[in-house]
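Next up is a structure, given as structure tokens.
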Amino acid sequence: MRPSCGHCRTVLEAGNRLGIVFTLKNIDNPEYARELLDRGGKSRVPFLYDEAQGIRSYEAEDIIAYLERHYG
């Protein structure tokens with residue numbers, strides 16, 4: 001995530017509405033930026049990685065739809 005990212009805030013708001021607790025990692029931190037590249041292959045956010053379901057997604061609308069389907 002990046003605090004200034006509007007798409008990140010949209011995903012966070014949807015998660016809060018659904019009662020989901022996220023692990024947030026600010027990619028301004030080089031360690032987290034590297035992890036993002038390793039897990040997803042791109043340096044863009046938002047990025048959802050649901051290890052339990054094997055899901056990786058960068059698109060805010062897709063992330064929100066996934067969260068509503070599986071956790072709503």
Side-chain angles (χ1 to χ4, degrees):
M1 80 153 299
R2 211 176 237 137
S4 61
C5 172
H7 295 293
C8 292
R9 285 193 305 273
T10 300
V11 170
L12 291 174
E13 289 168 5
N16 287 337
R17 184 175 28 68
L18 296 167
I20 297 169
V21 176
F22 293 105
T23 301
L24 301 177
K25 298 181 179 183
N26 187 331
I27 65 167
D28 289 336
N29 176 322
E31 177 183 343
Y32 295 144
R34 181 79 231 158
E35 183 181 348
L36 175 62
L37 281 173
D38 290 345
R39 289 187 186 223
K42 299 178 187 176
S43 291
R44 63 182 272 230
V45 289
F47 177 67
L48 172 72
Y49 174 57
D50 186 340
E51 187 174 18
Q53 300 294 324
I55 299 299
R56 291 176 171 90
S57 181
Y58 285 98
E59 298 300 322
E61 295 82 17
D62 294 342
I63 292 170
I64 292 167
Y66 171 81
L67 296 174
E68 289 173 344
R69 246 187 344 269
H70 293 279
Y71 299 97

Hey, is CD on Glu51 packed in by over 12 heavy atoms from elsewhere, all under 6.0 Å?
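No, the 6.0 Å shell around CD holds no more than 12 heavy atoms from other groups.
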Here the pair of heavy atoms bringing Pro46 nearest to Val11 is CG-CG2, 4.0 Å
Within this structure, what is the CG-CD1 distance for the pair Asp50 and Ile63, rounded to the nearest 0.5 Å?
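If I round to the nearest 0.5 Å, the distance is 11.0 Å.
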Look up atom NZ in Lys25 and atom CD in Glu35, then write down how far apart they are to the nearest 0.5 Å.
3.5 Å
Can you tell me how the ring of Phe47 sits relative to the ring of Tyr49, calling it parallel under 30°, perpendicular over 60° and tilted otherwise?
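The rings of Phe47 and Tyr49 lie parallel, inter-plane angle below 30°.
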Can you tell me which residue pairs pass the salt bridge (Lys or Arg N to Asp or Glu O under 4.0 Å) test with a partner in residues 57-72, sequence neighbours excluded?
Arg17-Glu68, Arg44-Glu59
Result of checking His7, Met1, Arg9 against Cys5 for side-chain contact (heavy atoms from CB on, under 4.5 Å):
His7
Does Leu37 belong to the same Ile/Leu/Val/Met/Phe/Trp/Tyr cluster as Ile27, with side-chain heavy atoms less than 4.5 Å apart forming each link?
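In one cluster with Leu37: Ile27, no.
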Spell out, yes or no, whether Tyr58 and Leu24 are grouped together once hydrophobic residues are joined by side-chain heavy atoms under 4.5 Å, including indirect joins.
no
For the pair Arg56 (side chain) and Arg39 (backbone), establish whether a donor and an acceptor sit closer than 3.5 Å, ignoring hydrogens and angles.
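Yes: the side chain of Arg56 pairs with the backbone of Arg39.
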So if you build clusters from Ile, Leu, Val, Met, Phe, Trp, Tyr with side-chain heavy-atom gaps below 4.5 Å, do Leu12 and Ile55 land together?
yes
Are Phe22 and Tyr66 grouped together when hydrophobic residues (ILVMFWY) are joined by side-chain heavy atoms under 4.5 angstrom apart?
yes
Any chance you could measure Asp28, atom CG, to Ser4, atom OG, to the nearest 0.5 Å?
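If we round to the nearest 0.5 Å, Asp28:CG and Ser4:OG are 7.0 Å apart.
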Here the pair of heavy atoms bringing Glu31 nearest to Asn29 is N-OD1, 2.8 Å
Is Leu48 linked to Tyr71 within one hydrophobic cluster, defined over Ile, Leu, Val, Met, Phe, Trp and Tyr using a side-chain heavy-atom separation of less than 4.5 Å?
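Yes, Leu48 connects to Tyr71 through the hydrophobic network.
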